[in-house]
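Data block below; observations after.
As a basis for the values below, the full set of heavy atoms in this structure was taken, side chains included, without hydrogen atoms, waters or symmetry mates. Not measured: the values here are computed from a predicted model.
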Amino acid sequence: MSSIVLSIIGIVFIFSAGTYWGNVHYTGQTPFYQKQAIYFIIALFICIAMMNWELLRSQKIWGMLYIVSLVLLVAVMIPGIGIVRNGSQSWIGIGPLTVQPAEIAKVTTIIYISALLSQRKSYERIVQWKHFMILMIPSALIMLQPDFGAVFILVVVVLIVFFIAQYPIRLYVILISLGMAGLVGLIIAAPYRLKRIEAFINPWADPLGSGFQAVQSLFAIGPAGLFGHGLLKSRQKYLYLPEPQNDFIFAIILEEIGLVGGMGLLLIFACFLVFGYRLALQCDHVFHFYAICGLTTMIAVQAGLNIGVVINLLPVTGVTLPFISYGGTSLVVIWVTVALILNLSNDKRKE
């Protein structure tokens, strides 16, 4: 139920945030909210179809799907197949539709690692590094696009699953050290990431350049107060905040319904998180327990990352707000994730 409520809220605020932007930049095209409503209906049908598909409860299928997701990650980097948007070659065009392989890879990697963890009988070093390599291969391919936000979500979620699986603490020391070294390397390799960090620390140093989105987001949030300016009464959506129906839609939500409304939205996400973990705890199979914990955490981490960026607690990463932000691939993948959570929680029928 929380997923449906969040998706409906998303359509409402996409109508509010994106209508004027769409009229100016996409004249004559189908409005964003109508497309999102169509995506929502399609996602619901897909979710219903997948909920009772017993094949998805098997561990074997997820190794194959993991390989398929790696193939898609390689294919997206091939000229003529991958589509470049905003400097990232992260999409594959299929007729009028676009698919983002990184979103698929996050799901398959989390579930495949969950399947392997459920087979683990000891803390042997070779097993730990096998799991680590399964995480690193898609992460490296996604970084080549580049899509740092997707990699961050994937790595954090898998580390949380490792923690749930009681991996030894020394592994985290190694991974954190490697992660810090890798972050420094990424900043050196692509100086624009350093500019994002500088814009995060002081967005007003370059308010018309690297800090523009952060500044406009804060201009939306700051004057809104407890209850906001009222539904449909945002000011920043009038070409001040770029693409307000996408990554920064939470700024428009806060501007229109204020702190109280924003906290209400966070409460709905919290309910989703609690319900997901409750379903995990009710599972009979360890594989399903790990997978549901991972998938639920993935949505929660993505929501937290998006909100942290919008309120300037984190650097800009380009991550959408689950269920809320405009985007067909994002919405369908999120609902596929919901379907998998419901499917795997129905494990009373033995594999």
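- Two rings, from Y33 and F13, have their centers 6.0 Å or more apart.
- Side-chain contact, W335 with S7: a donor N or O sits under 3.5 Å from an acceptor N or O.
- Judged by distance alone, the side chain of S325 and the main-chain N or O of N246 form a donor-acceptor pair under 3.5 Å.
- Counting only distance, with no hydrogens or angles, the side chain of S330 and the backbone of G327 share no donor-acceptor pair below 3.5 Å.
- Heavy atoms of other residues, nucleotides or ligands lying less than 6.0 angstrom from CZ of F212 number more than 12.
- Judged by distance alone, the side chains of S16 and E256 do bring a donor and an acceptor atom under 3.5 Å apart.
- Side chains of T320 and Q302: a donor-acceptor N/O pair is present below 3.5 angstrom, by distance only.
- Within 6.0 Å of atom CE in M77, more than 12 heavy atoms from other residues, nucleotides or ligands are found, so the atom counts as buried in its surroundings.
- Side chain to side chain, Q36 and Q245 fail the donor-acceptor criterion of an N or O pair below 3.5 Å.
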request  = Let me see the working for Q145 and S90 under side chain to side chain donor-acceptor pair (under 3.5 Å), right down to the final yes or no.
outcome  = CA-CA 6 Å; Q145 297 177 8; S90 303; 3.0 Å; yes

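- Below 30°, between 30° and 60°, or above 60°: for H285 and H288 the angle between ring planes is above 60°, a perpendicular geometry.
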request  = Would you check, one step at a time, whether the test side chain to side chain donor-acceptor pair (under 3.5 Å) holds for Q100 with T329?
outcome  = CA-CA 7 Å; Q100 194 170 4; T329 300; 5.9 Å; no

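- Taking the six-membered ring for Trp and the full ring otherwise, F272 and F323 have centroids separated by under 6.0 Å.
- A side-chain N or O of T297 and one of Y277 form a donor-acceptor pair less than 3.5 Å apart.
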